[in-house]
Structures are given as C-alpha cells and as structure tokens.
Amino acid sequence: MFVHLDGRLVEEADARISVFDRGLLYGDGVFESMRAVSGRIFRLEAHLERLERSAALAEFEGWPSPSVLASHLRETLEANGLRDARLRLTLTRGVGRPGDYVHAPGPPTRIITAAAFSGLEPRLYEEGVNLAVVGRQAVPPAVLDAAIKTTSRLPAVLARREASRAGAFEAALLDAAGHLTEGTTSNIFLVEGGRLLTPATDGTALPGVTRAVVLEAA
C-alpha cells in the first residue's frame, strides 16, 4: 500500500515520522475520515472545509490549500488502485520536543492513508445495533471545542470500551447536564412523533458531514 506523507507517495513500510512529532507526543493533531464510492470521495469539499476549520481553531499554521489536499487524496486512491475505500487525512503540528507544549518548528506533518472498504455487515442494517449510554461524559466545550476533530481520541476510546463491555455496538455520550450529545464515531438521530430529532452542534457534538446530508435529505 502507498501512503501520502508530507506531499509525496511512499510505500507503507517507508512511511515514517519523527518520534518527536507532536501528534505522537501530545495528540496535537486534527483529522478527517472520508469514504470513496466508485472512485469519488463523498462530500470532499465539506470534509476539507471542516479540516481547515479544525486546523484554524487548533491554531495550526502552514498547512496546504484544500485544492492541494484534494489532489493528494485522489493520488492516494489511484496509487493504491482503490475505488471503494476509507481514507484518513491527518495533520499534526509537526516536530516538537518532549515537555515543550508551545514551540513547534513546523511545518505540520501530513499523512493520508487509504484502505479498501466494503461497508458493515448487511444484517447490522437490517437488525439494528445496541447503543449504550455510558458513564463517561462528553468533553465540555470549555475544555475543547467540539468543532475541532482532534486526534486526541482517548475519551472516545474509553467510552467505546465501556459500551463494548455492556454488549453495545456504540456509546452515546451525555454532557454534564445529562443532555444527549453524540456517539464516539457518529452523530445521533431520533424519530419521535413523525419528527426527526438530533442534538445541536453548538456545544459538545461534532458537526458531522453525514449529519448535514441527513438533514438535507429530510
């Protein structure tokens, strides 16, 4: 497999970053996960807009333009001979030093990976899945803006592990006031009395790209 690393395609075995990269040291990075269907990346512009917003809110500097990133995503698909795939584009603040939270010489590290994706098992769509409301709360917006899609995913990992122990497929997170926010990798919708309901994205829920598509369709 080929990986797009800092603007060039390299074999997976040669895709290496510094042990001092701040993405590794601090989870100091942002990312987007995307789907390619029949060779086309679904809602590419929306994903790149959200990545740009995440990077700006995280005070990154020096990342490439959306058009450059779009070109690199397509190059990664083509190099790997994929048409139906899952892509991930990750930006970190770049190389830093342990213990120094402020200074990073830059530029940001850029990583694009792609892997074949055929979807979930059909029976999961037919039968549904279990959802568990977990004890671990959503990160408060005063701590971290939910609009930043950060690589710091430990809260989501621990919430998903809690849900898994309860026999559930996904975890639902509540905020400090007990309001429903989102899943660990999903936005949540409820159908009640002929109405489609979803938590607002002005607090602790990420403004999902697929969420926007559902609202458009509705």
Between the OG atom in Ser186 and the CG atom in Leu131, the distance rounded to the nearest 0.5 Å is 7.5 Å

### Linked, directly or transitively: Leu154 and Leu144 (ILVMFWY side chains, under 4.5 Å)
no

Hits for side-chain contact (heavy atoms from CB on, under 4.5 Å) against Pro140, two or more places apart or cross-chain, chain-then-number order -> Val143

OG1 of Thr184 to CD of Glu170, rounded to nearest 0.5 Å, is 3.5 Å

Tracing side-chain contacts under 4.5 Å among Ile, Leu, Val, Met, Phe, Trp and Tyr outward from Leu9 reaches Phe2

| message | With side chain to side chain contact (heavy atoms under 4.5 Å, CB included) as the criterion, how do Asn187 and Val214 come out once you've worked through the C-alpha distance, each side chain's angles and the decisive distance to 0.1 Å? | response | CA-CA 10 Å; Asn187 288 113; Val214 173; over 6 Å; no

message = In the structure I gave you, are the side-chain heavy atoms of Glu52 and Pro66 within less than 4.5 Å of one another anywhere?
response = yes

So ring-ring contact (aromatic ring centres under 6.0 Å, His included) across residues 87-106, not counting sequence neighbours, yields Tyr26-Tyr101

By side-chain contact (heavy atoms from CB on, under 4.5 Å), Ser38 pairs with (sequence neighbours left out) Arg83, Asp84

In short, ring-ring contact (aromatic ring centres under 6.0 Å, His included) pairs touching residues 41-78 with sequence neighbours left out are His4-His72

On a heavy-atom basis, the closest approach of Ala159 and Val134 is O-CG1, 3.7 Å

**Prompt:** If you group Ile, Leu, Val, Met, Phe, Trp and Tyr by side-chain heavy-atom gaps below 4.5 Å, do Leu91 and Ile17 land in one group?
**Reply:** no

Review point. Checking side chain to side chain contact (heavy atoms under 4.5 Å, CB included) for the pair Leu69/Leu89: CA distance, chi angles, key distance, verdict?
Key: CA-CA 9 Å; Leu69 293 175; Leu89 195 169; 4.1 Å; yes

query = If you group Ile, Leu, Val, Met, Phe, Trp and Tyr by side-chain heavy-atom gaps below 4.5 Å, do Val191 and Phe189 land in one group?
reply = yes

dist Thr198:OG1 -> Leu215:CG (nearest 0.5 Å) comes out at 6.5 Å

Residue set satisfying side-chain hydrogen bond (donor to acceptor under 3.5 Å, both in side chains) with Ser71, at least two apart, ordered chain then number -> Glu75

Between Ala166 and Ala132 the two heavy atoms that sit nearest each other are CB-CB, 4.5 Å

In short, side-chain hydrogen bond (donor to acceptor under 3.5 Å, both in side chains) pairs touching residues 131-151 with sequence neighbours left out are Thr150-Ser152

Applied to residues 204-218, the side-chain hydrogen bond (donor to acceptor under 3.5 Å, both in side chains) test, sequence neighbours excluded, yields Arg43-Glu216

Exercise for the section: List the steps, then state whether side chain to side chain contact (heavy atoms under 4.5 Å, CB included) holds for Leu73 with Met34. Expected result: CA-CA 10 Å; Leu73 285 160; Met34 293 161 252; 3.9 Å; yes

Across all chains, not counting sequence neighbours, the side-chain hydrogen bond (donor to acceptor under 3.5 Å, both in side chains) partners of Arg74 are none

Sorted by chain and residue number, the side-chain hydrogen bond (donor to acceptor under 3.5 Å, both in side chains) partners of Arg88 (sequence neighbours excluded) come out as Thr90

Residues pairing under ring-ring contact (aromatic ring centres under 6.0 Å, His included) where one sits in residues 140-163, two or more places apart or in two chains, turn out to be none

Taking atom CZ of Arg86 as the centre, does the number of heavy atoms from other residues, nucleotides or ligands within less than 6.0 Å exceed 12?
no

Is Leu206 reachable from Leu174 through a run of hydrophobic residues whose side-chain heavy atoms are each under 4.5 Å from the next?
no

>> Using only atom types and a distance under 3.5 Å, with no angle test, would you say the side chain of Arg50 pairs donor to acceptor with the backbone of Glu45?
In response: no

Heavy atoms of Thr201 and Pro207 approach each other most closely as CG2-CA, 3.7 Å

Looking at Glu127, I want to see if its CD is surrounded by more than 12 non-hydrogen atoms of other residues, nucleotides or ligands under 6.0 Å. yes

Value for CG (Leu77) from CZ (Arg40), rounded to nearest 0.5 Å, stands at 12.5 Å

Test your reading of the model: is there a side-chain donor-acceptor pair from Glu182 to the backbone of Ile188, 3.5 Å cut-off? no

Is it the case that the side chain of Ser54 and the backbone of Phe31 share a donor-acceptor pair, with hydrogens and angles ignored and the cut-off at 3.5 Å? no

To the nearest 0.5 Å, atom CG of Leu25 lies from atom CZ of Arg97 at 9.0 Å

Checklist entry - Quick one: does Thr181's side chain have a donor or acceptor within less than 3.5 Å of a partner on Leu173's backbone? => result yes

Please set out all donor-acceptor pairs under 3.5 angstrom arising from side-chain atoms of residues 104-125, sequence neighbours excluded.
residue, atom, partner, partner atom, Å
Thr109, OG1, Asp21, OD2, 2.6
Thr109, OG1, Thr92, OG1, 3.4
Glu121, OE1, Arg123, NE, 3.1

Between the CG atom in Leu87 and the CG atom in Leu82, the distance rounded to the nearest 0.5 Å is 8.0 Å

Item to check | Any donor-acceptor pair under 3.5 Å from Asp28 side chain to Arg22 backbone | outcome: no

